[in-house]
Amino acid sequence: MRERMLRTIIAGLKARTARLVLSSVAIALGVAFVTGTLVLGDAMNASLRDEFAKDARNVDVSVTVDGSASSGDSSTEIPGITAETLAKIRQAPGVAGADPRDFQQVPLVAANGKAKPAWAVPLASNEKLREFDLVDGRYPTDADEIAVDKRTATTAKLTIGQPVVLLGKEDARHTYTLVGTYQQGTNQLSLAGYDHVGLTPDAFQALEPERPPYQVVATAAAGFTQQQVVDNVRKAIGGTGFKVQSGEELTKETLERVESRSGEFTTLLLAFAIIALVVAAMVIYNTFTILVAQRTRELALMRCVGASRGQVFRGVLAEALAMGLTASVIGLFGGIGVSALLQRVMFSFSGGEGTVLLPVTVTTVLAAFAVGTLVTVLAAVLPARKATRVAPVAALRSQPDSGEEVSRTGVVRVLTAVLFAVVGVGAVVFGMGLDDEEAAMLTSGAGTMALLAAVLVLGPLLVGPVNRVLGALPRAVLGVPAKLASANAGRNPKRTAATTAALMIGVTIVSLVTVVANSAKETANAEIDERMPADYTVTSAVHGRPLPKELAEQLAAVPEVAQVAPTTVVYGEREYFTGIPRDALGTLFRPTVTSGSLDDLGDGAVAVNAQYAKREGVAVGQVVTVETGRGEPQQLKVVAVVEGQRLSDGIMTIETSTRFEQAAEGYDSILVKLEDGTANGRAAVERVTDPSPLAVLDSAAETKEQLNQQLNQVLAFIWALIGLAVVIALFGIANTLTLSVLERTRESALLRALGLTRGQLRLMLVVESVLMALMGAAIGLLLGIGFGWVITGALSNDTISVDLVVPFGQIGVMLAGAVVAAIVAAALPARRAARTSVVAGMAEA
C-alpha cells in the first residue's frame, strides 16, 4: 500500500505541476529574500573581519590609554600616549618596532576650492604594522607626501602626482603630493561614505602638534613570544593608566565588534523578509486549500480503495514537502543574486566601489531549506487535515462546490477579532500617552499590528460588504460579465479573504510608511520655514570645525544683506545649547515662550526648551550647571521655557556662549537675511563665502530639498523591500484565479453554452481579478492611513507636532498599480478559459 501511495503522490505531482508552479515561485521569492539577507550579512561580516584583521595583523603588543583608570580622578588623566611613553615602548626588550596609531577629521579641499570632511591617519614607519594594502604608487616617505584610499581617489578624481590640500589648525593650508592609493578591507563597506588619507607620522602630527596618539602597536623581535613582549612593555611603561594587550587579545576584541556593526542592518532586512514569508505562507495555504477542495472525489476514492486517514494526510504533506524543497533550491540561488544586487546598491549610494562578496555558509543553506520547506509544509497542514475528513461516500456524489459557509465560524471569528482589537486599541492608547518618542512609536506600532490581525481574522465577514461596494460600478457599467465576476468574488468568502489578505498586508505597510514619511517631510519643511526665516544659512563643511568669526563681519558689510546672526553651539555632558545674538530674537529666531520671558535672556542666562525642562526637571528661576569637559563648569539661570526650538536643548546669547572654550573658537553657522527686493542677493553673499573653503551656503529651499531627497531615498528603499511581499501577493491572486478557472471548467462551458462570448468570459475573469486586488488594496490603504495617523500622533510631543499628510497622488499610483497588476495576473487564466471548447468543458468530470 505504501508503494501504491508513493506512486500516487508522484503521479499527482506530475499531473498538477502547472498548478503548483505559481505557488513555488511565491515561496521561492520569500526564500530568496531571506537567503539574500543572510548572504549580505555574511558579506558585511567578512568585509569587517578582513578590515579588522588588517588592524591586528603583525601586531604582537597593543598599548592604549585606559580611560577607566582616570575616570575617578582627573589629576591622573592621561590624554594620550606621550613621546616619552612611545620611546619606552620602543626600548623595551623584544620590541622590534613600534608605531603610534591615531586618526583625526580634517578638511580635504576639493578641486572646486571647497572643503569636505576626511579622516587622516598616520602610516606606520614599520611596513609590517601598516593596516592598509597598497593599490597604486607607493606610501609617503616625506612630510609633504600623501596617500589616499582608493574610493577617495575615485570620487575626488585624484591621480598620482596631483597636489592635495588639507586644512590644519586655524585653517592653515597644508599641501601634499599624492604618491599612492591604498585600500583597507576587501570591499570598503565599512569605509563607504568617508574620505580617507594617510600621512607620515611627522606630517600627521603637524596637523595638530599637541595631539598625542591614542594607541601604539608593536611587533616582536625574533625569539620572543607575544606574552614576553607584553610583560616587558608593561614593565617599561609602568602599566598605570594604560591597557596593554597581546596581538591575540586585540584580534579577539576587535572581531567581537563585527557582529554589532552589521547586525542592525541585517535585522532590518530580515524583518521585511519575514513579512514576505508570511505573505508567501498565505499563498501556499490558499493554494493547498483550493487543491484539496478540487480533489474531494480523488481523495474519497483513495479512502474507498483502502487508504487510511494518515496516508492521505501524509500524501498531501509529501506534495508540500516536494514543492518546498524545489522552491528552496530556486530561492537559495536567487538569494545569492539578491545579495549581489544589494551590495551593488550600497556601493552606488555611497559613491564607492568594491568587490561583491558572496559567502554561502552551511547555516545559510540550512536556513534556506528550513524556511522553504517548513513554511510550505506548515501552510499545508490545515488543508491536509481537512483532506482526512473527506468521507469515502463523497466519491459516489458529484463534486460539491468548494464554497464554505462563514456563518458557522462567525462567532469564533468575531470573538477572536474583538480580542485582537481590544489589545490593539489598548496598546495604541497607552503608546500615544508615553513621553518617550521611541517607546511611544514601538508600543503604538505593536498596537497597529494587533489591529491588523483583527482585520485579517474578520476577512471572510468583510468580503461580502466590500465586494458589493466595489462591484457596484463595474456591475452598472459592464453588465452581465461584471455581475458574474462580482458573484464569483463573493462566492467563497474564506478563499477570497485568504487571497486578498496577502496583498492587504503589503499595501498596509507600504501606505503606512508612505504616510509617515510624507508627514515627517512636510512637518520638517514647516519647521524649517518657521524656525529659520533667514534667506541663507552658512555652515561649515566639516563637523566640529567652526567658521571664522571674521566671516560674519564680512557678510554684515555686504549692502544687500539686512541682518546677520552668527550662532554657536555649546555641548555639555547631557545637553547642548545654541548661542544666538540678542537682536536675532523675534526676527531670525522665533521660539514660542511657555513660561518666563526672553527679555531676561542676558549674560549668564539660558532659555531651555520644554522637552529638556521636563526631562531634567528644571523650571524658570532655577540654575542649571553645564559641564563641557573643557574649562570650568558654568552655572546658568533659567529665565524662560520655550517650544519650537528643537535645534538644541535651549538658547543663550552669544556673549554667554563665549564663556565656554568650544564656542569661543568660532561660529557653528551664520544666518543671513537679505534686504527686501534684493534681486542678486545670493551672488553678493557668495562673493564673501566662496574664498572660504569651509563655508557652505544653503537656502531654506535647498535645505528642504536635501531633506526631502534623503527621505525619498529611504522611502524608495522601503518600497523596494516591501514590494517583494506585494509581488508575492499578486502571484497569489494569479494562482487563485488559475485554480478557480480549472475548478470552474464545466461552469464556464455552461455559461458559454448559454450565450456568453469568449470576450465576455475573459472580461468576467479580469473583473474578478481586479475586484480581489481592489479589496486587498483598498482595505490596506485605509488601514495604512489610519495606522499612519497613530504613528504620527505617537511621534508628536510638547515640542513638535507631526501633522498627518496623506499623499493622494502616491496612493492613486498604488491603486492604479494594483489594478494593472490584477489585469496582468488574469491574462493567462482568462486566455485558458476562453480557449477551452464548450464540448470539452462540459465533458469535465
Side-chain angles (χ1 to χ4, degrees), residues 9-10 13 17 20-50 52-53 185-187 189 255-256 258-285 287-288 314 317-347 354-381 720-721 724-725 727-728 731:
I9 293 171
I10 295 174
L13 286 172
T17 300
L20 298 175
V21 167
L22 286 175
S23 298
S24 298
V25 171
I27 199 66
L29 288 173
V31 172
F33 204 164
V34 173
T35 304
T37 301
L38 294 176
V39 173
L40 177 63
D42 290 337
M44 294 179 69
N45 286 339
S47 173
L48 290 170
R49 285 179 179 274
D50 180 72
F52 282 130
T186 54
N187 62 8
L189 281 177
L255 290 179
E256 285 175 353
V258 172
E259 295 295 336
S260 61
R261 292 186 63 174
S262 61
E264 292 183 3
F265 184 71
T266 305
T267 300
L268 173 66
L269 292 180
L270 279 175
F272 286 99
I274 290 172
I275 294 172
L277 277 176
V278 169
V279 172
M282 290 182 172
V283 173
I284 298 298
Y285 167 78
T287 298
F288 275 92
R314 289 191 293 272
L317 288 188
E319 293 183 9
L321 180 63
M323 187 173 68
L325 288 172
T326 303
S328 297
V329 173
I330 299 172
L332 175 61
F333 288 101
I336 296 173
V338 168
S339 175
L341 177 62
L342 287 173
Q343 289 182 56
R344 285 299 181 192
V345 170
M346 292 174 67
F347 293 143
T355 304
V356 172
L357 300 179
L358 299 174
V360 181
T361 63
V362 175
T363 302
T364 300
V365 175
L366 293 178
F369 281 95
V371 167
T373 55
L374 281 178
V375 169
T376 308
V377 171
L378 290 176
V381 166
L721 292 178
L724 181 60
V727 170
I728 295 174
F731 267 103

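This one's a predicted model, so the numbers in the text were calculated from it and none came from an experiment. Numbers here are sequence positions counted from 1. We use all heavy atoms of the structure for the numbers below, so side chains are in, but hydrogens, waters and symmetry mates are not.
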Stepwise, does the side chain to side chain contact (heavy atoms under 4.5 Å, CB included) test hold for Ile330 with Thr326? CA-CA 7 Å; Ile330 299 172; Thr326 303; 4.3 Å; yes
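- Annotation: the span from Thr373 atom OG1 to Leu321 atom CG amounts to 6.5 Å, rounded to 0.5 Å.
- For the pair Val381 and Leu317, the minimum side-chain heavy-atom distance is below 4.5 Å.
- Ser339 places no side-chain N or O within 3.5 Å of a backbone atom of Gly335 that could act as its donor or acceptor partner.
- The minimum heavy-atom distance between Gly334 and Ala32, with the atom names listed, is C-CB, 3.9 Å.
- Using a 4.5 Å cut-off on side-chain heavy atoms (C-beta onward), Val31 and Leu332 make no contact.
- Residue Ala368 comes nearest to Ser328 through the heavy atom pair O-OG, 3.4 Å, listed as atom of the first residue, atom of the second, then distance.
- Looking only at distances, no side-chain donor or acceptor of Thr364 sits under 3.5 Å from a matching main-chain atom of Val360.
- One distance of note links CG of Leu341 with CD1 of Ile336; it measures 14.0 Å at 0.5 Å rounding.
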